[in-house]
Amino acid sequence: MNDTLGNWKRTQLCGTVTAEQMGQDVCVMGWVQRRRDHGGLIFIDLRDREGVLQLALDPDRDLESHKKAAQVRNEFVVAVKGKVSPRPEGTVNPKMKTGEVEIEVSEIKILNRSETPPFMLDEFGDVAENIRLKHRYLDLRRTSVQNNMMLRHRVTRTVRNYLDEHGFIDIETPVLTKSTPEGARDYLVPSRVNNGQFYALPQSPQLFKQLLMVAGFDRYAQIVKCFRDEDLRADRQPEFTQIDCEMSFVDRDDIMTIMEGMIARVFSEGIGVEIPASLPRITYAEALDRYGVDNPDLRFELELVELTEIVKDCGFKVFAEIANKGGMVKAINVKGASTFSRKELDDLTAFAGIYGAKGMAWVKINADGWQSPIAKFFVPEELKAIEQALAAEEGDLLLFVADSAKITNESLGRLRQHLGQKLGLAKKDDYSFVWVTDFPLFEWDEEEQRHYAVHHPFTAPLDEDVELLATEPGKARAKAYDLVLNGSEVGGGSIRIHDQAVQQKMFGLLGIDEEEAREKFGFLLDALSFGAPPHGGIAFGLDRLVMILAGTDSIRDVIAFPKTQKATCLLSEAPGEVSEEQLQELGIRLRKSVK
RNA sequence: GGGGGUGUAGCUCAGUUGGUUAGAGCGCUAGCCUGUCACGCUAGAAGUCGCGAGUUCGAGUCUCGUCACUCCCGCCA
């Protein structure tokens, strides 16, 4: 039988006991992290969310409690009364926050027993993630995991405080809503009351927050769950959380400025890191030109250099042909990397191949000139021009990709980020932000022969590009902006279209005809016709942001109950089958192929 | 949909060229131990080698299939 709590009242959390309390009587409760039984003396490390505290049980002080302590095992739930005491000379443990003190226990209660846990809950061994997730309630007891969740709490608290201070109203938007074309696959929820019809879970509260602006709330914010039925990645979960904001009567600068303030507070209060009040900005075009990607990691240089003009007439056919046929030749100079082995170069080539590059040329700058399979194809003037463009010096390694602009940028850009990691240029406690602006409004889909919205269909074009909508929509730029932190997109938003006519035109360009637009977005179009204010907003990926703050590479580390890569929950075993009755009520019959 | 990695005791892993009864550390159980703190010492229990076929006299090991977890490409307005 377990002991009852009785009239015992906990005086404080284990990790908060300090040397200043020496001599005080306290009552603490928690989980047994470890018991060290010396036959005579027994030590118990008692753990709660604030830390670990050593209990000392001496048979000479109280035989009864000593006997009881001998029964205690790992993860038993225990309450003790005792005196905060100094540890004897030479037995202070500097590794523990409470290492100067211990509790001389006078009375102990076993409040609950525990099976032997399937894995140790200390911080010493690595445990496979699927086992941790299956017993997540135990994994969540571990100090490091608790720290991540408490960091997440501090971040959301700071965000709520900041947004409240700046006049944002927290309003909840529907979770059962309507499926929309474009964008990610929707999670669908069948309607019982309306047989054969489905709700969709929101990919984001986009339309509703715009309606709230039409409604005159001026500033809206919500920390909200969003759902996207797409394949998972280390930084992607099917349900994730956004810090979702929208503001009226503002332009891009207003939004970016106010959000810079929020991010600064989050870093300061979350992890005690001060970041600049104003963050750098580059355009999408510049990001692509210099870094090859629209989410550049600016912790290091290693910029891409375009060589298309220089190699146009060179003897290396691969380069020359691509340069003359509208392709792009670019290179990066990896300083001091001429020592890379053949295997390392092969690995880098394979890496570039992942992103579609059919090859990667390399040049080692040695004391006696170029060491490279392609050196023989270039005349001295070309060698010199290339060296100059890349500021190449002895000991450098030059890496080239020649392909379509898209593939050259993507593969070399990813290669740049890969090398930043490999060479230790990207340091974990270094935080480099950049706003990327002026994204193209549309992206052309070659297969379907139609435009897609790069951001979403409600994004406003730059004022000076509005005319392009009629002539060359592919060249129109958007009033959109992404916040990129260490190569990771942590937030993005735009100024929205607040004019019904422009919005209708936009749908037209996206191949959404009048009828479909009415059916899917009629309520938005209607709303825009009733005096919609100029407005815009932004959404931050809370999980990704906390991930970076926590210094982890997996989004699952900052979500209490995450899903696996196949979108299942190992703990609850969701998703699961449902009864025939449930299906019948919903008017759903499963296809035979679905087993 | 595609490519890579992993799967052996509760946990973390080793297991040679296919060959005797599949091992180690931690954990667990029991005993001893009064200043440990990832305590120590002694003894013990613990295995569907992910699952299913196949090759073979013989498979943890080789082949094929399959499942789970994971990283990546596609996908993610």
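Lettering of chains follows the sequences in order, A, B, ..., and the numbering in each one begins at 1.
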Checklist outcome for this item: In Watson-Crick or G-U wobble terms, with both distances under 3.5 Å, the base opposite A24(B) is U12(B)
Checklist entry - Of the nucleotides U34(B), C71(B), G27(B), which one has an atom closest to the side chain of Asp60(A)? => result U34(B)
Checklist entry - Over how many whole Å does the gap from Ile555(A) atom CD1 to C71(B) atom P extend? => result 11 Å
Item to check | Asp438(A) with Arg252(A): basic N within carboxylate O range, under 4.0 Å | outcome: yes
Next on the checklist: Say we look at G7(B) and A53(B): how far apart would their P atoms be, to the nearest angstrom?
Outcome noted: 22 Å
Checklist entry - At what distance, to the nearest 0.5 angstrom, does CZ of Phe208(A) lie from CD of Gln222(A)? => result 11.0 Å
Checklist entry - Is C33(B) paired to anything, Watson-Crick or G-U wobble with both distances less than 3.5 Å, and if yes, which nucleotide? => result none
Checklist entry - With a non-hydrogen cut-off below 4.0 angstrom, is Thr180(A) in contact with a base, only sugar-phosphate, or nothing? => result nothing
Checklist entry - On a plain distance test, is the side chain of Arg132(A) in donor-acceptor contact with the base of C69(B) below 3.5 Å? => result no
Identify all pairs in which a protein N or O lies below 3.5 Å from an N or O of nucleotides 8-11 of chain B, and state each distance.
{"unit_1": "G10(B)", "atom_1": "O2'", "unit_2": "Pro118(A)", "atom_2": "O", "d": "2.5"}
{"unit_1": "C11(B)", "atom_1": "O4'", "unit_2": "Pro118(A)", "atom_2": "O", "d": "3.4"}

Checklist entry - Does a distance-only test, which skips hydrogens and angles, find a donor-acceptor pair under 3.5 Å between the side chain of Glu89(A) and the base of G35(B)? => result no
Next on the checklist: Using atom C1' in both nucleotides, what's the gap between U20(B) and G58(B) to the nearest angstrom?
Outcome noted: 12 Å
Item to check | Face-to-face contact His38(A) to C39(B) six-ring, under 5.5 Å, under 30° | outcome: yes
Checklist entry - CD of Gln33(A) versus C1' of G27(B): gap in Å, rounded? => result 14 Å
Checklist entry - Within the modelled atom types, does a donor on one side and an acceptor on the other bring the side chain of Glu129(A) and the base of U70(B) under 3.5 Å apart? => result no
Checklist entry - Out of C69(B), A30(B), C28(B), which nucleotide sits closest to the side chain of Arg73(A)? => result A30(B)
Checklist entry - Of the nucleotides C69(B), C76(B), U70(B), which one has an atom closest to the side chain of Arg556(A)? => result U70(B)
Checklist entry - What nucleic acid atoms does Tyr452(A) come within less than 4.0 Å of, heavy atoms only: base, sugar-phosphate, or nothing? => result nothing
Item to check | Rounded distance (Å) that lies between atom C1' of C76(B) and atom CG of Asp482(A) | outcome: 13 Å
Checklist entry - In whole angstrom, what separates Phe43(A)'s CZ from U36(B)'s C1'? => result 5 Å
Checklist entry - Is Arg132(A) paired with Asp139(A) through a side-chain N to carboxylate O contact shorter than 4.0 Å? => result yes
Checklist entry - Between U34(B) atom P and Asp37(A) atom CG, what is the distance in whole Å? => result 10 Å
Checklist outcome for this item: From the candidates C69(B), U36(B), G35(B), the one with an atom nearest any side-chain atom of Leu41(A) is G35(B)
Checklist entry - Quick one: Arg34(A) CZ to C37(B) C1', roughly how many Å, whole number? => result 9 Å
Checklist entry - Does the base of C37(B) carry an N or O that pairs as donor and acceptor with the side chain of Asn93(A) under 3.5 Å? => result yes
Next on the checklist: If I pick the P atom on G3(B) and the same atom on A38(B), what distance separates them, to the nearest angstrom?
Outcome noted: 47 Å
Item to check | Whole-Å C1' distance, C69(B) and C57(B) | outcome: 37 Å
Checklist outcome for this item: Under a 4.0 Å heavy-atom cutoff, the residues of residues 231-244 of chain A touching RNA chain B are Asp231(A), Arg233(A), Ala234(A), Arg236(A)
Checklist entry - Are any of the side-chain nitrogens in Glu100(A) or Arg87(A) under 4.0 Å away from the carboxylate oxygens of its partner? => result no
Checklist entry - Expressed as a whole number of Å, how far does the C1' atom of C11(B) sit from that of G27(B)? => result 7 Å
Item to check | 5'-most by nearest nucleotide on RNA chain B - Thr116(A) or Gly90(A) | outcome: Thr116(A)
Checklist entry - Short question: side chain of Asp543(A), backbone of Thr241(A) - any donor-acceptor pair under 3.5 Å? => result yes
Checklist entry - What does Ser411(A) touch in the nucleic acid at a heavy-atom separation under 4.0 angstrom: a base, only the sugar-phosphate, or nothing? => result nothing
Checklist outcome for this item: To the nearest angstrom, the CG-C1' distance between Asp347(A) and G4(B) comes to 13 Å
Checklist entry - Taking 4.0 angstrom as the limit, do Glu239(A) and Lys563(A) come out as a salt bridge? => result yes
Item to check | Side chain Asp482(A), main chain Val436(A), donor-acceptor under 3.5 Å | outcome: no
Checklist entry - Taking atom C1' in both C49(B) and C32(B), what distance in whole Å separates the two? => result 36 Å
Checklist entry - Less than 4.0 Å between a side-chain N and a carboxylate O, is that true for Asp465(A) and Arg477(A)? => result yes
Next on the checklist: Taking the minimum atom-to-atom distance to the side chain of Lys95(A), which one of A38(B), G27(B), A68(B) wins?
Outcome noted: A38(B)
Checklist entry - Is the shortest side-chain N to carboxylate O distance from Arg233(A) to Asp235(A) below 4.0 Å? => result no
Next on the checklist: Looking at Tyr481(A) and Ser494(A), would you say the former's side chain and the latter's main chain have a donor-acceptor pair under 3.5 Å?
Outcome noted: yes
Next on the checklist: Between C76(B) and C72(B), how many Å separate the two C1' atoms, rounded to a whole number?
Outcome noted: 14 Å
Checklist entry - Is any side-chain N of the basic residue among Glu410(A) and Lys406(A) closer than 4.0 Å to the acidic one's carboxylate O? => result no
Checklist entry - Any ion pair linking Asp231(A) and Arg236(A) (charged N to carboxylate O, less than 4.0 Å)? => result no
Checklist entry - In terms of side-chain heavy atoms of Glu410(A), which of U36(B), G74(B), C69(B) is nearest? => result G74(B)
Next on the checklist: Could you tell me how far A68(B) sits from G50(B) if I compare only their C1' atoms? Round to whole Å.
Outcome noted: 8 Å
Item to check | Tyr355(A) OH to C71(B) P, straight-line distance once rounded to whole Å | outcome: 14 Å
